[in-house]
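Report on the structure given below.
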Amino acid sequence: MAASLLSSSALCIHKEGKPNVSLKDTSFLGISLSDHFKSDFTPLVLKCKREFGQRKLRASTIRAQTIATTPTFTRATTDGKKTLRKGSVIITGASSGLGLAAAKALAETGKWHVIMACRDFLKTERAAKSAGIAKENYTIMHLDLASLDSVRQFVDNFRRSGRPLDALVCNAAVYQPTASEPSFTAEGFELSVGTNHLGHFLLSRLLLDDLKKSDYPSKRLIIVGSITGNTNTLAGNVPPKANLGDLRGLRRRP
């Protein structure tokens, strides 16, 4: 059977959606299809072109809306969410030495407000000013670790301030190795044991629940030790050596 086939090149639509229609010499079974395609196919082509144009318009609109409404996140943005406020840190013995250096370093980061817990308010104020700590970055509160009543009063005053507790640095200490006679706390404990250990223990114990409530990412309790009591170090072997003797300092005075 002789037949003329419909060539694939006679009718094709490109990927871009633009129809390429050729109706020249197109016949099937000896019947010319030109006249039929002109009347039947042309409306279909026009319809396809209209629908394609509408799809492109909708796609462009969706892309524009997506660009306009999708938020952009940078590392700085996400990191900023982690710290929405300054942390509050209590540092005992912050009027000199390591305590003052720590207060200055933390305040200068801009991420911490330092509560300088010390016995001598005026000395601490002068030390903070001399160290160049900005006034808005620290608060001085009275604390005498040699008095357990003072420790309790400090905790009460701190809670009344309304500040959260995000870090506690137990740094204060007394060291009197050359004293000929022992000194005692208000409760009758040997001064170094009462101040360095018992006072800090009570302070930490009373503030532990406050610290647990913190949502700050760097919350912690830090207890500063001294190598003067460690005989395995050079400083611990410089006479007179620090020790608790016969432990009489742990007993209250009558």
Side-chain angles (χ1 to χ4, degrees), residues 87-107 112-128 131 133 138-161 163-179 181-212 214 219-230 235-236 242-245 247-254:
S88 295
V89 53
I90 295 174
I91 302 179
T92 66
S95 61
S96 63
L98 180 62
L100 179 60
K104 176 179 172 63
L106 290 174
W112 292 93
H113 184 88
V114 182
I115 292 87
M116 304 174 77
C118 304
R119 287 178 299 171
D120 192 328
F121 187 94
L122 293 178
K123 176 186 176 183
T124 307
E125 184 66 57
R126 289 193 296 267
I133 305 176
Y138 72 91
T139 299
I140 300 173
M141 295 183 65
H142 179 265
L143 171 63
D144 183 1
L145 289 164
S147 167
L148 300 184
D149 285 340
S150 177
V151 173
R152 294 186 181 95
Q153 186 62 52
F154 171 84
V155 172
D156 184 61
N157 291 338
F158 174 76
R159 287 174 176 163
R160 289 175 184 273
S161 73
R163 288 187 177 277
L165 179 61
D166 304 304
L168 172 60
V169 181
C170 298
N171 164 76
V174 296
Y175 181 47
Q176 300 175 328
T178 60
E181 295 292 331
S183 299
F184 298 89
T185 68
E187 287 77 22
F189 298 105
E190 190 277 323
L191 186 63
S192 61
V193 171
T195 302
N196 305 356
H197 304 285
L198 302 182
H200 273 143
F201 175 81
L202 179 61
L203 179 67
S204 302
R205 184 64 187 86
L206 293 177
L207 289 175
L208 191 59
D209 287 340
D210 300 76
L211 193 58
K212 288 179 179 179
S214 169
K219 64 180 180 180
R220 63 195 63 195
L221 167 61
I222 300 171
I223 300 176
V224 180
S226 173
I227 61 174
T228 56
N230 186 351
N243 65 77
L244 294 176
L247 304 182
R248 282 181 297 173
L250 294 174
R251 296 197 299 268
R252 292 180 184 231
R253 286 192 305 171

[X] to [Y] - nearest heavy-atom pair and separation:
{"X": "S214", "Y": "D166", "result": "OG-OD1, 2.5 Å"}
{"X": "T124", "Y": "C118", "result": "OG1-CB, 3.2 Å"}
{"X": "N196", "Y": "A173", "result": "OD1-CA, 3.1 Å"}
{"X": "I133", "Y": "A107", "result": "CG2-CB, 3.7 Å"}
{"X": "F154", "Y": "H142", "result": "CD1-O, 3.4 Å"}
{"X": "E187", "Y": "S147", "result": "OE1-CA, 3.7 Å"}

Do [X] and [Y] have side chains that approach each other closer than 4.5 Å (heavy atoms only, starting at C-beta)?
{"X": "Y138", "Y": "I115", "answer": "no"}
{"X": "S183", "Y": "Q176", "answer": "yes"}
{"X": "L191", "Y": "P182", "answer": "no"}

Could you work out, with salt bridge (Lys or Arg N to Asp or Glu O under 4.0 Å) as the rule, every residue matching K219, not counting sequence neighbours?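 By the salt bridge (Lys or Arg N to Asp or Glu O under 4.0 Å) rule, K219 matches no residue at all.
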
Any residue meeting salt bridge (Lys or Arg N to Asp or Glu O under 4.0 Å) with D156, in chain and number order, not counting sequence neighbours: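 Applying salt bridge (Lys or Arg N to Asp or Glu O under 4.0 Å) to D156 gives R160.
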
Cut-off 3.5 Å, no hydrogens considered: what does the side-chain donor-acceptor table look like for residues 88-97, sequence neighbours left out?
from	atom 1	to	atom 2	distance (Å)
S88	OG	P164	O	3.4
T92	OG1	N171	N	2.8
T92	OG1	A172	N	2.9
T92	OG1	H200	NE2	2.9

When you look at CZ of R205, are more than 12 heavy atoms from neighbouring residues, nucleotides or ligands closer to it than 6.0 Å? no

Run the side-chain hydrogen bond (donor to acceptor under 3.5 Å, both in side chains) test on Q153 and D149 for me, step by step, so that the C-alpha distance in whole Å, both residues' side-chain angles and the decisive distance to 0.1 Å come before the verdict. CA-CA 6 Å; Q153 186 62 52; D149 285 340; over 6 Å; no

Hey, which of L202, V151, L165, L221 is the one that makes side-chain contact (heavy atoms from CB on, under 4.5 Å) with L207? L165

To the nearest 0.5 Å, what is the distance between CD on E190 and OG1 on T195? 8.0 Å

